[in-house]
Amino acid sequence: QVARKEPPGYDGRCRNLSEEEIDHNIAERVSYVIRVRMPTEGTTTFNDLIRGEITFENRVLDDAVLLKSDGLPVYHLAVVVDDHEMEISHVVRAEEWISSTPLHVLLFQAFGWELPQFAHMPLLRNADRSKISKRKNNTAIKWYREQGFLPEAMVNFLALMGWSMPDGREIFTYQEIENEISLDRVTTSGPVFDLVKLTSINGKHIRMLTDEELYERLQPYLPVGLDADRVRKVVPVIKDRLTRLGEFMELTGFFFGPPPDYEASALVPKKGDPDSTQNGLARVREMLTALPEPWTHEAWEAGMRTIAEEIGMKAGDLFMILRVAVTGSPVSPPLFESIEVIGKQETLARVDAALSKLEAT
């Protein structure tokens, strides 16, 4: 068949055996399977709730195996029997099952059973339009759970894969999906499984949680023994920046221990120098020391802007110097809110450590 460039399939060698031949083979214990005798003429048509009417020429359908030689049923027989026994009304599955549907339709008809309604969903694709593969892609729900994707965000994202809300919204809840879902809004083009978009949707769902809800969701991702009170204080500071629960400690480690080590050069602005940086940071330390407690970020910000103006430095550069000194990085959660959580004593100790680095250059 392959040599003749024909689609490979059962060649019908036993399709027309006589009763005598069959009885003889059974008596001789010749191994056998049971197949369905498919019609060789006409067509088989079914209605797809997404794609409309689909018709197959019967001559291209294979005499499919129903019972294997060990007596066990194959999937095609099992699924039809199961759908009937379970009173399944709608069979919603991937488009790769379209070619099997004529067989299932003919089996339902052969048993005299009522047909369910069929709907074949588009397959998810990679960005290069290739089919998603278990070997190449993270297809296990466990991986997404470990990374800190919320169940409601995953459902929201998957609902957008070939379907859309009537009003075009991209962020919605379980209940809203239940209220609005309809197969007539499913498109047949292969949607792209975009991890960047999923991450963005996940971040938006994180921000829909209350601070206490987020604190509870974070528990599986926190080290044992972490200060619970401090975690609760950190949650509202980091909430707008968090896109996965699994990145919480990566983004907030400096709240719970010393900041990551850094070179003195990281403190110096692009157009600055160590001396002016050290002078500016020393002035900031004086200001922070003099401010009465409880500290408020409004007072710090006003004081730092005044210092920047007095020493001829851009306010943004001065903020960056303090950010690196306190967090160990030029990129961090909101600076002043972070300082409020860290507290006066620890903040001043980190500023002193930064000043020592600058003095050593």
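As the structure is a computational prediction, the values presented were derived from the model and not from experiment. Numbering of residues begins at 1 and proceeds along the displayed sequence.
- If you chain together ILVMFWY residues whose side-chain heavy atoms come under 4.5 Å of each other, Val74 ends up grouped with Val33, Val65.
- At most 12 heavy atoms of other shown residues, nucleotides or ligands fall within 6.0 angstrom of atom CD in Glu19.
- More than 12 heavy atoms of other residues, nucleotides or ligands shown are found within 6.0 angstrom of CD on Glu6.
- Between the CG atom in Leu150 and the CD1 atom in Ile206 there is a gap of 5.0 Å [rounded to 0.5 Å].
- The main-chain N or O of Glu247 is never found under 3.5 Å from a side-chain atom of Glu250 such that the two would form a donor-acceptor pair.
- Between Phe172 and Trp163, the ring planes are perpendicular. Angles over 60° get that label, and only those under 30° would be called parallel.
- Scanning both residues, Ser100 and His76, for their nearest heavy atoms gives OG-CE1, 3.5 Å.
- By the rule that hydrophobic residues join a cluster once side-chain heavy atoms approach within less than 4.5 Å of another member, Leu107 and Ile34 end up as members of one cluster.
- Under the 4.0 Å criterion applied to side-chain N and carboxylate O atoms, Asp352 and Arg285 are assigned as salt-bridge partners.
- Relative to the six-membered ring of Phe255, Lys233 misses at least one condition, a distance below 6.0 Å or an angle of at most 45° to the axis.
- A side-chain N or O of Arg93 and one of Thr101 form a donor-acceptor pair less than 3.5 Å apart.
- To the nearest 0.5 angstrom, Leu281 atom CG is 6.5 Å from Leu358 atom CG.
- Heavy atoms from other residues, nucleotides or ligands lying under 6.0 Å from CD of Glu212 number more than 12.
- The shortest non-hydrogen separation linking Val324 to Tyr262 is O-CE2, 3.7 Å.
- Hydrophobic clustering (side-chain heavy atoms under 4.5 Å, transitive across Ile, Leu, Val, Met, Phe, Trp, Tyr) groups Ile311 together with Ile321.
- Contact check for Ser338 versus Phe254: side-chain heavy atoms found under the 4.5 Å cut-off.
- In the hydrophobic clustering of ILVMFWY residues, with side-chain heavy atoms under 4.5 Å counting as a link, Leu49 and Val105 come out apart.
- Without hydrogens or angle criteria, Ser332 side chain to Ser329 main chain gives no donor-acceptor distance under 3.5 Å.
- Counting heavy atoms from C-beta outward, Asn16 and Arg37 have side chains that approach closer than 4.5 Å.
- A salt bridge links Arg169 with Asp167: the closest approach of a Lys/Arg side-chain nitrogen to an acidic carboxylate oxygen falls below 4.0 angstrom.
- Applying the 6.0 Å contact sphere to CD of Glu309 captures no more than 12 heavy atoms from other residues, nucleotides or ligands.
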Open item on the list: Could you walk me through whether Thr252 and Leu242 satisfy the side chain to side chain contact (heavy atoms under 4.5 Å, CB included) test, starting with their C-alpha distance in whole Å, then the side-chain angles of each, then the deciding distance to 0.1 Å, before giving a yes or no?
Closed with: CA-CA 10 Å; Thr252 65; Leu242 199 62; over 6 Å; no
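- Remark: Thr187 OG1 to Met161 CE distance equals 9.5 Å, nearest 0.5 Å.
- Distance alone, capped at 3.5 Å, places no donor-acceptor pair between the Lys357 side chain and the Glu263 backbone.
- Counting only heavy atoms from C-beta outward, the side chains of Glu146 and Lys142 approach each other to under 4.5 Å.
- Residues Met86 and Val91 share a single hydrophobic cluster, defined by chaining ILVMFWY side chains whose heavy atoms lie under 4.5 Å apart.
- To the nearest 0.5 Å, atoms CE (Met320) and OG1 (Thr277) are separated by 7.0 Å.
- Among all heavy-atom pairs drawn from Val155 and Ile177, the shortest one is CG1-CD1, 3.7 Å.
- When the side chains of ILVMFWY residues are joined at heavy-atom separations under 4.5 Å, either directly or via intervening members, Leu106 and Tyr75 end up in a single hydrophobic cluster.
- With sequence neighbours left out, the ring pair (Phe, Tyr, Trp, His ring centres under 6.0 Å) criterion links Tyr10 to no other residue.
- With no hydrogens or angles considered, no side-chain donor-acceptor pair links Glu21 and Asn25 at under 3.5 Å.
- At least one donor-acceptor pair under 3.5 Å links the side chain of Lys239 to the backbone N or O of Leu209.
- Contact annotation: the side chain of Arg15 approaches that of Thr40 to within less than 4.5 Å [non-hydrogen atoms, C-beta and beyond].
- A donor-acceptor pair under 3.5 Å is absent between the side-chain atoms of Asp63 and the main chain of Gly12, judged by distance alone.
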TODO: Report the C-alpha separation of Leu61 and Leu103 in whole Å, then their side-chain angles, then the decisive distance to 0.1 Å, and conclude whether the side chain to side chain contact (heavy atoms under 4.5 Å, CB included) test is met.
DONE: CA-CA 8 Å; Leu61 303 178; Leu103 169 60; over 6 Å; no
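- Of the charged side-chain nitrogens involved, none lies within less than 4.0 Å of a carboxylate oxygen, so that Arg185 and Glu180 do not count as a salt-bridged pair.
- Arg207 contributes a side-chain N or O that, together with a main-chain N or O of Asp240, makes up a donor-acceptor pair within less than 3.5 Å.
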- [ ] For Phe149 and Ile141, run side chain to side chain contact (heavy atoms under 4.5 Å, CB included): C-alpha distance rounded to whole Å, both residues' side-chain angles, the deciding distance at 0.1 Å, then the answer.
- [x] CA-CA 10 Å; Phe149 289 97; Ile141 288 296; over 6 Å; no
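- Judged by distance alone, with hydrogens and angles left aside, the side-chain atoms of Asn202 form a donor-acceptor pair with the main-chain N or O of Gly148 at under 3.5 Å.
- More than 12 heavy-atom neighbours from other residues, nucleotides or ligands sit within 6.0 angstrom of CD on Glu310.
- A donor-acceptor pair is defined here as one N or O able to donate and one able to accept, closer than 3.5 Å; such a pair exists between the side chain of Gln1 and the backbone of Gly9.
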- [ ] List the steps, then state whether side chain to side chain contact (heavy atoms under 4.5 Å, CB included) holds for Tyr144 with Leu195.
- [x] CA-CA 10 Å; Tyr144 293 93; Leu195 189 59; 4.0 Å; yes
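- Taking the six-membered ring for Trp and thresholds of 30 and 60 degrees, Trp300 and Phe336 have ring planes inclined between 30 and 60 degrees apart.
- Between Arg350 and Ile342 the shortest side-chain heavy-atom distance falls below 4.5 Å.
- Looking at Arg241 and Glu337, no side-chain N of the basic residue comes within less than 4.0 Å of a carboxylate O on the acidic one, giving no salt bridge.
- Other members of a hydrophobic cluster containing Val224 are absent, since no ILVMFWY side chain comes under 4.5 Å of it, directly or through relayed contacts.
- Side-chain atoms of Trp97 and His120, non-hydrogen and from C-beta on, do get closer than 4.5 Å to each other.
- At a threshold of 4.0 Å, the pair Arg305-Glu301 counts as salt-bridged, since one of the basic side-chain nitrogens sits closer than that to a carboxylate oxygen.
- Residue Glu359 qualifies as enclosed at atom CD: its count of foreign heavy atoms under 6.0 Å is above 12.
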Open item on the list: Could you go through Asn179 and Gln175, starting from their C-alpha distance and side-chain angles, then the distance that decides it, and tell me whether this counts as side-chain hydrogen bond (donor to acceptor under 3.5 Å, both in side chains)?
Closed with: CA-CA 6 Å; Asn179 293 341; Gln175 187 62 53; 3.0 Å; yes
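- Taking 4.0 Å as the cut-off between side-chain N and carboxylate O, Glu170 and Lys204 do not count as a salt-bridged pair.
- Side chain of Arg230 to main chain of Val341: a donor-acceptor pair is present (N/O by atom type, distance under 3.5 Å, no hydrogens or angles).
- Looking at Trp113 and Val81, their side chains come closer than 4.5 Å, going by heavy atoms from C-beta outward.
- Residue Tyr174 places its OH atom among more than 12 non-hydrogen atoms of other residues, nucleotides or ligands, all under 6.0 Å distant.
- Counting heavy atoms from C-beta on, the side chains of Pro259 and Val326 never come closer than 4.5 Å.
- Between Phe108 and Phe118, the ring-plane angle classifies as perpendicular under the 30° and 60° cut-offs.
- Summarising the geometry, atom CG belonging to Asp62 is positioned 8.5 Å from atom CE belonging to Met38; distances are rounded to the nearest 0.5 Å.
- Separating the CG atom in Leu251 from the OG1 atom in Thr243 is a distance of 7.5 Å, to the nearest 0.5 Å.
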